[in-house]
Amino acid sequence: MSKPNNFDSQTTFCVLCGRTDDCPEKYGEKKTFVEYNLTVHYYCLLMSSGIWQRGEEDEGVDGFLITDIRKEVNRAAKLKCNICKKKGASIGCVAPKCKRSYHFPCGIKRECIFQFMEDFRSYCWEHKPVQTFMDKESTGASQCTICLDLVEHLPAYTVLKSPCCKSAWFHRECLQYQALSAGIFFFRCTVCNNKDKFQKEMLRMGIYIPERDASWELEENAYQDLLQCYQHCDIRRCLCKKGRDYNEPDSKWEIKRCQCCGSRGTHLACSSLKSWEQNWECIECRSILAKSGKYSRKKKRALATSEETDGATCLMEEPSPKTPRRSSGSQRNFLLQHLREQRREVCNILKELKVQVNTKTTRLNINADDIWNSALKGFRQRNFSPTNTIEINFTNCKNRSKTDTSAASKHHFFQLLMLHLQNSSLFEGSSAKNLSLDIQAVKENLYFEAGRMIAVSLVHGGPSPGFFSKTLFDCLVYGPENVKPALEDVADVDVAQTIKMIKYANSLSSLQSTIHDCYEFLAAAGCFRPITALCDKNMLVNDILIHHVIKRIISPLESFRQGLKTLGILEKMQMHPDAFSSVLCHKPKRLSAGTICDLFSIHSSSDVNKVKGADFWMGYLQDVESGESVVTFEDILLFVTGSSFIPSIGFDPEPTIKFLHIRYPIGNRLLNCLELPITNTYQQFKNKMELTIRNTLRVESE
């Protein structure tokens, strides 16, 4: 095949449509061949009614032989376009008895449909295929999930509806640009990630999908910057003799990054941090928090009890001047009580949703060493349904099945699954996480599966995630257009540093210099705006935050939302946002004697045995809480129920205690019943509890 030359294609015209326009998005690539004195638009060639690809791909023009093109030009020269009334109309409507002919650009202007598949059919404006609309769908407007502008729900050529998502509407032009960028391997519904059904409908409605890889996949080393991680000690007096860039994991010279911005670091020893788990903020972020009233010097002292308070400290606000100030202890108790009430409300809501679950069982074969892939395979198997009762079959590495159909294996499965999700590439951030942009995960529809797994876990008795950021939760509940992200939502070190440089520029010249240095980033993000005053930086910072935290991940977010709709979870989240925030954005508080005591109800055939046994039981719980026992509250819960945590939906049946004339305690996991021996002394009771629980769990673990 002859290669196109490099002269100005604007001076030549297409032999089929007669136009000089060079617009690949509309008419396809414009190719010129000097030796044949031939210029042609690719789409004009594809859609011409009297020509076929009779050659190989490297012959003629993409398989169209030069002699065949000449014959088609001669044939079209005799046909008049029904739109512009000029000769050369090479495309005809395929509808029976319709004799309309037109040029490709004229057909586009007149809103004809060209199907780039199979026989490459063309339909005139009268016979073109249309999408069917329900009466209630033909009113109102929604957001195009590609450009984020409003699109009216009208049966118009410029508007297309997703065949797989009732709430997804697009501009035709947006879909065409998306298809050209994504290619046949990545072009799919931006809401649910359906590929086959979506592509079939878009081809029917005239969207051209090129048979090539996505444009972003063709760019060499496009994602190298994502592999960089900030590793530098920024403390004024660095104590490390090997330099500020030295980083030795699991030692006092390991570098800890700022939990707020991630763009500053310190050696653990340089900031007197005893462990990597301790929070640390850089000077810049500390000053910001101090100005906003969210930081105090007492914060370090509160770190030790952060787990106990269940993250409630972040909810504390300064009391109104008109109300008496609570002490720190009473305020913490008030917040904990509030969280308990919200979680109780969630428990009741989840029990209502569990009514959907039937007695038909679906067994999932799970490899604990490869929890994600085995769970994904189970959720995608043909007979899986969220409304079926789930049974878990754990398998070992030798493929020998260890069948355990009890609730214990299901609790353990969901606990492992939620832990994997929290640390997976689908989310980014330290403790409060947002969705990340993982192109491969988008391609494989993993965000939808993650949302579905979380919904199933909540209803089927698994743990709550507890790691959602407030921004992510608000996007899911109120919609991304109603959420204003903050700097702490940015996990990317370089992006956070750029935002801070712009935000804290103290003069117009320094602001303009910063913008000049990061011009490529701002242009790629679509955030570049003219700066004429220092105050313009606030709008620019807001634009960058919205792009990076929300617009950039709009496709994963919509897919994640669709997954959370499983079993009605998302709808309940939107109806009861405060309640669900307590389980999705906050880790459960550590188990305590009071929690375990409230969880179990006591039954006994004798009031004397009940009173005496209850005293021993409460005394034992106090010993566990004070560390005077080798058994933990998690051990007790695991011994009785098979779960080391309290599910958001609670236990079914509710845990009970019975005092019986037996030698040793018995944990009846089928009934969630703890059968305790009646003893003469407390020491006998304690010895039997510790011996039985410790040995039982040790044998199970082995």
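The first residue of the sequence shown is numbered 1, and numbering continues consecutively from there.
In this structure, N365 CG and E391 CD are separated by 11.0 Å, a value rounded to the nearest 0.5 Å. The distance from the CD1 atom of I255 to the CG atom of L268 is 9.5 Å, given to the nearest 0.5 Å. Taking CD1 of I646 as the reference point, atom SG of C347 lies at 10.0 Å (rounded to 0.5 Å). The line from NZ of K551 to CD1 of I546 is 7.0 Å long, rounded to the nearest 0.5 Å.
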Let me check something: any side-chain donor-acceptor pairs from residues 438-445 under 3.5 Å, sequence neighbours excluded? List them with distances.
residue: D438; atom: OD1; partner: Q440; partner atom: N; Å: 3.1
residue: D438; atom: OD1; partner: A441; partner atom: N; Å: 3.1
residue: D438; atom: OD2; partner: S425; partner atom: OG; Å: 2.8
residue: Q440; atom: NE2; partner: E444; partner atom: OE2; Å: 2.6
residue: N445; atom: OD1; partner: N193; partner atom: ND2; Å: 3.2
residue: N445; atom: OD1; partner: S559; partner atom: OG; Å: 3.4

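N367 and T395 are not linked by any side-chain donor-acceptor pair at a separation below 3.5 angstrom, with hydrogens and angles left out of the test. Side-chain polar atoms of T389 and T361 form no donor-acceptor pair below 3.5 angstrom.
Electrostatic pairing of E281 and R264 does not count as a salt bridge here, judged by no charged N lying under 4.0 Å from a carboxylate O.
Contact record, Y230 with G262: CB-O, 3.9 Å, taken as the closest heavy-atom pair. Residue L472 comes nearest to N434 through the heavy atom pair N-OD1, 3.4 Å, listed as atom of the first residue, atom of the second, then distance. Contact record, C285 with C258: SG-SG, 3.7 Å, taken as the closest heavy-atom pair.
By the 30° and 60° cut-offs, the orientation of the rings of F379 relative to F413 is tilted. The aromatic rings of F394 and H412 sit tilted, their planes meeting at an angle between 30° and 60°.
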Q.
Working note: I636 + L621, criterion side chain to side chain contact (heavy atoms under 4.5 Å, CB included); need CA distance, chi angles, decisive distance, verdict.
A. CA-CA 10 Å; I636 296 174; L621 294 181; 4.2 Å; yes
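Listed by first and then second residue, the side-chain hydrogen bond (donor to acceptor under 3.5 Å, both in side chains) pairs involving residues 415-424 are Q415-S644, Q422-K587 (not counting sequence neighbours). A side-chain hydrogen bond (donor to acceptor under 3.5 Å, both in side chains) check over residues 565-577, counting only residues at least two apart or in different chains, returns the pairs E345-H576. Residues in residues 433-464 take part in no ring-ring contact (aromatic ring centres under 6.0 Å, His included) pair, two or more places apart or across chains.
With sequence neighbours left out, N373 forms a side chain to side chain donor-acceptor pair (under 3.5 Å) with D370. Scanning for salt bridge (Lys or Arg N to Asp or Glu O under 4.0 Å) contacts around R561 gives E558, with sequence neighbours left out.
Checked against the 6.0 Å centroid criterion, the rings of F187 and F198 qualify as a close aromatic pair.
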